[in-house]
Structures are given as structure tokens and as C-alpha cells.
Visitor: 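Submitted below is the structure of interest, expressed as C-alpha cells.
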Amino acid sequence: MRRIPRRRILPGRVSPTLIAGAVLTALILLAAVCAPLIAPAGPTAQSLVDGLQPPSFAHLFGTDQLGRDIFSRVLYAARTDLRIAWVSAVTPFVVGVTVGLVSGYFGTRLRGAVGWGFARITDTCIAFPFYVLIIAIVFAVGAGETGIVFAFALIGWVGYARVLGAMTAALRDAEWVRAARGSGLSHARVLVRHVLPNILPQAIVLLATEIVLIMVAIVTLGYLGLGVPRPTPDWGTMIADGQLFIETHWWISAMPGLAVVITGIAFSMLGDGVGDALRIGGGSRGGAGREYGRSRLGLRARDRAAAPAAATSASESAGTAELEPGEVRVAGLRIDAAAAPAGEPAPPLVAGIDLAARPGEALGIVGESGSGKSLTLRALLGMMPNGTRIAGGAARAGGRVGMVFQDPLTALDPLTRVGSQVREALRAGGRVGQSGSRGHAEVLALLHDVGLGAAGSGAADAGSADSGEAERIARAYPHQLSGGQRQRIVIAMALAGDPDVLLCDEPTTALDVTVQRQVLALLARLRRERGLTLVFVSHDIAVVAEVCERIAVMRGGRIVETGTAAQIVQRPAEAYTQGLLAALPTLPVIPAAAGHETEAPVATSSPPASSPPEPPVLAVAGLEVRYGRSVAATGVSFALARGAALGIVGESGSGKTTIARAVVGQLRPAAGLIALDGAELPHRRGAALRRAVQLVPQDPYSSLDPRMTIGRSIAEAIERDPARRAGRRRPGAAETRARVAELLALVRLDPEHAARYPHELSGGQRQRVAIARALAASPRVLVADEPTSALDVSVQAEVVDLLQSLRRDLGLALVFVSHDLALVHELCDRVLVMRGGSPVELGGPELFASPRDPYTRELLAAVPRLAPPTA
């Protein structure tokens with residue numbers, strides 16, 4: 001029989017808390033079950049001559065006023081109280097989890113009397129103190145075990161329903177839930193197979209907490225005379241019995257009270273430990289987490305050196321020579337995982353690299369994902385991610401250091417206005433005091449410096465040039481700003497400490513080309529005006545070559561090549577660098593004026609001109625989508641034939657993703673129609689129609705259930721195939737496994753990946769799995785929303801090549817949403833240019849060489865371009 005790996009059962013961390021809680025709980029339960037064998041006397045046996053005896057070898061916990069052995073009574077009371085607590089906890093748990101799932105998932109659909117009644121019941125239960133309600137209900141129903149169980153069954157489910165309902169509502173719009181619905185799964189199956197396992201860890205923690213509360217309630221009721229009737233031993237009645245003797249014979253009440261405390265601690269530790277063990281991937285995505293606490297750093301070199309002890313010792317071993325302000329030196333830097341897994345030692349994450357930058361210089365570091373680029377920046381910052389350590393060498397920077405993180409949305413506190421965050425960064429850098437108007441003026445000046453106001457707004461976003469713009473932005477929350485504005489805020493916070501060195505970790509990866517151009521121009525201006533040293537990490541060589549004078553190429557934790565930007569781009573010496581350059585998609589050169597010929601031929605994947613036109617698989621006419629009263633997209637029309645590819649491009653907020661989600665049925669159009677094979681798609685699509693148009697979302701991690709293995713996620717879509725179920729026969733396990741392996745091979749992944757979880761794969765592998773899961777539904781149309789935005793160029797090229805082959809081999813129609821115009825040029829037959837929710841231009845390959853609309857020309861001009869390599 002095949003052994004199930006431990007990580008399938010407990011995929012998270014087995015912590016000391018879990019071990020201690022499990023051991024302590026097991027001992028308590030064992031003592032309760034074995035009470036007749038352990039207890040030296042019966043729980044009701046009296047011996048008046050032995051009354052009020054203190055703890056001794058004869059009576060470990062002493063005796064009470066009737067001469068009963070307290071140790072024996074504590075053991076038997078554990079049997080009673082634990083049984084009542086368990087029975088009282090089960091019904092509220094089942095009811096609360098069910099109500100929480102249904103109410104959270106269906107949300108506003110619970111209208112009328114059902115929704116009103118549920119809301120009033122929960123409000124009433126929460127308005128009254130918990131123990132007051134329990135005591136009142138038990139008093140009304142009658143004391144004893146039955147009354148206690150009934151009281152908790154009546155109101156105990158409310159806490160579960162509120163907490164788990166909120167969690168379910170948050171998961172309801174998760175991409176993997178939408179993907180499950182898109183595969184044809186019913187609401188009930190989505191709830192049971194996808195949502196329930198993901199809220200179960202929190203439900204178990206709540207259950208453990210509830211058992212402790214019930215135990216305390218049972219003891220309280222027993223103390224008040226509403227619990228288990230005498231002479232049955234109960235911890236509450238035992239504490240009450242010792243009340244008269246508390247000053248002279250303390251052990252009568254103290255021993256059962258100690259049993260209550262130890263039991264509460266045991267169940268609390270067990271619940272927390274099980275919750276941790278059931279969490280997937282340590283609670284993070286490949287180590288990515290919120291950075292807003294770190295993005296405010298502007299640390300002096302001596303402060304950074306004091307942060308991690310490993311970095312300090314490494315620096316001392318490499319020499320103590322002072323660096324000039326702005327100088328960067330990395331010597332023999334080696335970074336290892338903090339705790340290598342059992343078996344063979346893991347290779348170093350960064351393997352003894354050497355780098356240097358002079359004051360005021362711009363050094364670029366490029367390479368594929370996992371090459372060690374970001375870890376090198378973290379070493380320079382002096383703040384290593386959890387799970388890593390500096391094992392040797394040194395990474396030092398002279399003067400102050402600021403850092404710009406990759407995702408500006410996670411680098412900002414979502415609950416604090418950006419002006420307050422910038423002010424806090426200024427205060428941390430010593431530029432403003434705790435209070436006063438000078439701080440606000442400094443905030444506005446810094447926003448102006450990064451192009452978010454009237455002064456210095458040459459590179460600002462449209463609409464940022466009026467004098468009140470900086471004030472408006474300072475009062476805004478992060479979600480109220482565009483991606484480019486958020487990125488500038490992060491840059492402003494990094495500049496708040498007046499840094500000599502600015503570290504930039506993929507600062508333009510998720511930005512459209514026009515905003516990317518603005519951010520790059522801003523960094524160039526800041527370097528020029530402030531004399532900053534810039535260390536710029538990216539997987540895009542074209543971007544790095546535009547910003548930096550020197551480039552270092554990393555692979556597998558090592559430096560494979562360094563040189564000037566011109567040398568790396570035009571005369572690469574290493575095969576790996578040549579491969580990176582070859583993987584970059586290219587665009588034809590735009591003529592300087594109308595009427596000029598293009599300087600490069602336009603490559604296209606469209607069918608030969610002699611081929612007869614095919615009827616459209618997908619047709620969109622006059623599509624309009626609204627969010628409330630706001631129009632997100634309007635006047636969108638296009639047609640897509642079998643095997644054809646349409647690219648949708650435009651800046652952030654132009655309506656690209658809105659169109660994609662409307663096409664797959666996740667958004668309801670306000671006007672227009674969407675037709676598949678000539679038949680208009682209804683607003684509410686059945687399982688077969690949902691499967692016919694599949695979405696590959698931008699973030700592949702979010703489209704896969706974190707608690708399902710890759711094979712299970714793909715198999716689920718296979719099992720719901722209407723064609724296979726037409727004969728009322730579910731595909732067998734062997735047939736399903738074979739189909740999963742076939743799909744993984746189709747997206748160029750080894751079948752062994754079927755046994756892994758999403759967090760165990762790289763970004764490129766997860767993106768391919770997301771495509772395989774979409775293909776498992778046998779779609780006619782594949783809608784890919786920014787599927788390569790976070791991938792390095794080599795993986796990006798593989799995904800594009802994969803999509804090309806799927807079009808060719810399966811006849812799959814493709815809608816490709818991207819801000820990367822070069823990729824769209826390489827992959828698509830036709831291009832739809834969007835701006836402000838409206839179409840600007842629709843054309844074929846000629847659009848890239850001779851765009852008609854000025855906005856299209858502006859987009860193409862903003863794309864960084866490389867000079868061709870020389871021999």
C-alpha cells in the first residue's frame with residue numbers, strides 16, 4: 001500500500017505547541033478514561049475520621065470535610081465534565097460551521113425573512129453577556145447535564161457562524177473558487193471541497209477555545225448549584241464545597257481549580273498547534289509577505305550592521321575598512337537556508353558572490369527567478385527574510401540605505417493614509433519631530449519630489465499637476481491610488497531617510513509601459529539631483545539596460561557575467577546571458593513620422609492570406625460593463641475564430657481585466673452581447689457553458705486551491721466533464737490519473753508534479769498548472785489575464801511558446817490580456833487597444849509598425865528597447 005506523506009495530512013508546521021498540547025491533552029483524557037483503575041478510592045466513598053486531611057502520600061490531593069479522597073473525585077469529575085463539554089461542543093460546531101459557510105458564501109442572496117432572522121438572532125446573542133445567557137437558559141430549562149447541552153446548542157453556534165461566515169465571504173471571490181465554478185462544479189461541491197477545508201483550521205482553533213469556555217461554564221454552573229447534581233463529582237461543585245474552608249483547608253477548592261486551569265491550557269495549546277499544522281505553506285507565498293513595516297527603513301550603516309548578528313560577523317571577517325557614502329561592496333557573500341531539510345544538505349541560495357558600485361553609480365542585477373537577486377538586496381539592507389541566514393562574506397553599503405519593494409500594495413499599510421506613512425518614514429529618518437506643521441510640509445515636499453504634485457511633476461501621472469494634488473494623495477489610502485502612484489509613494493518613503501544608496505527590487509514588474517516609463521524617468525531624475533547610488537534588480541534586461549551603467553547577471557546564486565550595459569546587451573560572453581537576450585520578445589521600430597517605412601519586418605502568427613476565413617468561435621458586440629454607476633468598459637466589439645489570438649493592451653485601469661472577466665461570465669454586462677459559436681451566452685451560464693470559456697488569471701497562485709495537490713485540482717475538472725458523464729459513467733481513477741499526466745505533459749511539466757501543492761512550485765510551474773487546469777475543462781476559448789507579468793524572461797518565453805502550441809495543436813481561441821506589447825506582438829494576430837474603458841484602436845500586425853492613434857504610438861514608444869547584439 002502506498003504510504004501517504006505526512007505533509008498530505010498536516011501540510012503546515014508541527015510546532016512544539018502542538019506536541020505539548022497533544023501530550024497534555026492525551027494525559028488528561030487517559031487519566032479520565034482510566035479513573036477506575038487509577039483512583040485509590042471511590043468518588044463518593046466517605047470516611048469521616050479522615051476528613052479535612054492535607055495532601056500526603058496517603059491522599060495525594062488531601063480529603064474534603066466528608067473524608068472523600070479529592071484526587072479520586074478530581075479524576076471522576078474529569079470524566080463527567082469532559083463528556084458534557086464534548087457533547088455540548090459538537091452540535092454548535094456543526095450548526096455554526098454550516099450556517100457560516102452558507103451565509104458567507106451566498107452573502108446578499110440571503111434576503112427576506114431568512115436573512116433578517118439570522119441577523120437578529122446573532123445580534124441578540126452577542127448583545128447579552130455569554131455566561132448570563134447560559135445561566136438564564138439552564139435556569140429556565142432545568143439544572144443538570146441536559147440543560148447545559150441544550151443551552152450551548154441554542155446559542156453556541158453564533159460565534160462560529162460570525163467568524164467563519166466572514167472568512168467564507170472573503171474566500172468567495174478567490175480565484176481558485178471562481179476557477180472551481182468555471183470547471184462546472186456546483187455551489188454545494190465548491191463549499192464542501194474547496195471552502196470548507198480552507199476555513200477548517202480556524203474552525204478547529206475556535207472549537208478548542210469553545211471547549212475551554214464550556215468547561216469554565218460547567219464549572220461556574222456547578223459552583224452556582226445549576227450543574228451536575230450531587231453526589232456525582234464535578235469540578236464546579238467541588239470548588240463550591242471548599243468555599244467555607246478556603247482560608248484553612250485550601251486544597252479542597254484549589255485542586256479541582258488547578259485541574260480546570262491545566263485542562264484549559266491543554267485544549268488551547270492543542271487547538272493553536274493543530275491550526276498551525278493545517279495551514280498550507282507556512283502561511284506565505286514563497287516567502288512573500290507584507291513589507292510595509294520594512295519599507296520605512298532608512299538605516300545608517302552602523303545600525304544595519306547591528307541588525308542581524310550573522311551579517312555583523314560576516315562583515316567583520318571581510319574587513320573593517322570604512323566605505324564612502326554611497327559605495328556598495330559585496331565580498332564573498334554566501335546565503336544559506338536557516339534550517340536545511342533532512343537528507344542531503346541544500347545548496348546555498350547565494351554562493352560567494354562579489355559585487356561593487358561606486359558612489360552615484362547605477363548597478364543592475366538581472367537573472368531568472370530564484371537566482372539570488374532579491375536576497376542580495378536584503379543582505380545589503382541588513383534584513384534577511386525568515387528562513388535564511390548569511391553564512392559567509394559581507395554585503396555592505398556606505399551611508400544610509402533605502403529600499404523600494406516589488407509590490408507597492410503590500411509595501412504600504414492598507415489601513416493608514418499614505419501621508420501618515422510618509423511622515424512616519426520622515427520621523428524614522430530624523431527629518432521631522434513628533435509633531436508640528438513642519439512635518440506636513442516635509443511630506444508634501446517629498447511627494448512633489450517624486451512627481452505627485454505641482455512642483456517637479458514633469459513625470460507625474462495625468463491629472464497630478466494641480467497644486468492640491470499632493471494634499472489629496474496625502475489624505476488617500478493605498479487602495480485609492482493607481483499602481484504608479486503607489487510605487488511613487490514607496491519611493492518617497494525610501495527617500496525619507498535621505499539615503500545614499502537606493503535598492504530597487506523589481507519596482508516596475510507589475511506596471512504598464514507608460515507608468516513604467518514614468519517610474520524609470522523618476523529614478524533617473526532622483527539619481528541626477530541627489531547623487532544616489534542605485535542598485536536595481538529586475539528580470540527585464542531591457543529595463544535594466546535603460547537605467548544602469550553596469551549589469552551583473554546572476555544564475556543559481558552565482559554571478560555568471562558582469563560588464564557595462566552596452567557590453568552585456570551587445571556582446572554577451574556567456575551562453576546564459578545570450579539565452580536571456582534571445583528570450584526577449586521584440587517590436588518593430590516605429591517610424592519617426594507618418595509615411596516612413598518600418599526598420600524591421602513584422603513577424604506574425606496569423607494564417608496565410610489564402611486561407612478562407614473561419615466563423616467566429618467568440619463574438620463580442622457593443623459590450624458595456626459597469627461597477628455600480630461607474631462605467632468600466634464600453635463599446636467593446638471583436639470576433640475571434642478558432643485557433644486565433646486577440647491581444648488586449650492598455651494602461652492600468654483601461655478595462656482590460658474587466659473585459660476578460662465579462663467574457664468568462666464572472667461579470668454581468670450592462671449592455672451588448674457575448675456569443676459562443678453564434679449563440680448568445682446567458683447571464684447565468686450552466687456548467688457546460690462555464691467550461692467552454694476558461695480564465696487563466698494573472699496570479700497563478702491564487703487560481704489553485706492551496707489545500708489541494710496539483711493532480712487533485714486538475715482531476716476535479718476532468719471528473720466534471722459533461723462528455724465523459726453523458727453515459728452516466730464517472731471516469732475511473734486510472735483514467736483520470738492518465739489524463740492528468742497527459743495535461744501536465746501538454747504544459748511541459750513532469751507527471752510527478754501532480755503530487756505537489758501549489759506553494760511547492762515555482763511561479764512558472766504554477767502558471768503552467770493554471771493553464772493545465774483550464775485545459776482540463778476542454779474549453780473552446782482560453783482567456784489569459786496577464787499570465788506572464790511576474791515571470792522572468794526565460795519562463796515568459798516558455799509560456800508564450802506553450803500558448804502558441806496550444807493554439808496550433810488544439811485549435812484553441814485565445815484572448816491574451818497584457819501590458820507587455822512585445823509579447824502581444826509575438827503571440828497575437830489582432831490587437832485591441834483600450835484607454836479609459838473605451839477601445840482606441842483595433843488592428844492586425846500592421847498596428848505595431850504604423851499605429852493610427854496617438855495613444856497607441858505613445859504606448860509603443862514607452863517600451864524599452866535593446867540595441868541588437870553585435871558579433
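Predicted model, so just to flag it, every value in this text is computed and none were measured. Throughout, residue positions are numbered sequentially from 1 according to the sequence presented.
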Visitor: Would you check if the side chain of Arg691 reaches a backbone N or O of Gly184 as a donor-acceptor pair within less than 3.5 Å?
Guide: no
Visitor: Does a side chain donor of either Ser183 or Arg773 reach within less than 3.5 Å of an acceptor in the other side chain?
Guide: yes
Visitor: My understanding is that only residues two or more places apart in sequence, or in another chain, count here; which of them pass side chain to side chain donor-acceptor pair (under 3.5 Å) with Glu798?
Guide: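 Partners of Glu798 under the side chain to side chain donor-acceptor pair (under 3.5 Å) test: Arg768.
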Visitor: Kindly indicate, with the supporting measurements, whether the criterion side chain to side chain donor-acceptor pair (under 3.5 Å) is fulfilled by Thr17 and Asp272.
Guide: CA-CA 7 Å; Thr17 301; Asp272 290 341; over 6 Å; no
Visitor: Quick check: do Asn198 and Pro706 have side-chain heavy atoms less than 4.5 Å from each other?
Guide: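 Side chain of Asn198 against side chain of Pro706, heavy atoms only: contact under 4.5 Å found.
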Visitor: Report the residues that fulfil side chain to side chain donor-acceptor pair (under 3.5 Å) with Thr658, sequence neighbours left out, ordered by chain and then residue number.
Guide: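 Side chain to side chain donor-acceptor pair (under 3.5 Å) list for Thr658, sorted by chain: Tyr627.
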Visitor: Determine, stepwise, if the pair His753 / Gln765 fulfils side chain to side chain donor-acceptor pair (under 3.5 Å).
Guide: CA-CA 9 Å; His753 286 87; Gln765 289 171 331; 3.2 Å; yes
Visitor: List for me each residue that meets side chain to side chain donor-acceptor pair (under 3.5 Å) alongside Asp505, sequence neighbours excluded, and say none if there are none.
Guide: Ser374
Visitor: Which residues pass the ring-ring contact (aromatic ring centres under 6.0 Å, His included) test with Phe93, sequence neighbours left out?
Guide: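 Result, ring-ring contact (aromatic ring centres under 6.0 Å, His included) vs Phe93: Tyr160.
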Visitor: Applying salt bridge (Lys or Arg N to Asp or Glu O under 4.0 Å), can you list everything that pairs with Arg661, at least two apart in sequence or on another chain?
Guide: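 Salt bridge (Lys or Arg N to Asp or Glu O under 4.0 Å) list for Arg661, sorted by chain: Glu175.
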Visitor: Please identify each residue that fulfils side chain to side chain donor-acceptor pair (under 3.5 Å) with Arg555, with sequence neighbours left out.
Guide: none
Visitor: Going by the rule side chain to side chain contact (heavy atoms under 4.5 Å, CB included), which residues pair with Ala675 if we only count those two or more places apart in sequence or in a different chain?
Guide: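 Side chain to side chain contact (heavy atoms under 4.5 Å, CB included) check on Ala675 returns Ala619, Leu673.
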Visitor: Counting only N and O atoms by type, is there a donor-acceptor contact under 3.5 Å from the side chain of Arg172 to the main-chain atoms of Phe106?
Guide: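 Here the side-chain-to-backbone pair does not exist.
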Visitor: What residues, two or more places apart in sequence or in another chain, satisfy side chain to side chain contact (heavy atoms under 4.5 Å, CB included) together with Asp809?
Guide: Ser805
Visitor: Name all residues meeting the side chain to side chain contact (heavy atoms under 4.5 Å, CB included) criterion together with Ala89; count only those two or more places apart in sequence or in a different chain, and write none if there are none.
Guide: Leu207, Ile211, Ile214
Visitor: Can you sort out the partners of Val95 under side chain to side chain contact (heavy atoms under 4.5 Å, CB included), two or more places apart, ordered by chain and number?
Guide: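 Result, side chain to side chain contact (heavy atoms under 4.5 Å, CB included) vs Val95: Thr91, Val99, Trp157.
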Visitor: With sequence neighbours left out, what residues match Arg685 under salt bridge (Lys or Arg N to Asp or Glu O under 4.0 Å)?
Guide: none
Visitor: Any side-chain to backbone donor/acceptor pair from Asp829 onto Ala645? Under 3.5 Å, distance only.
Guide: yes
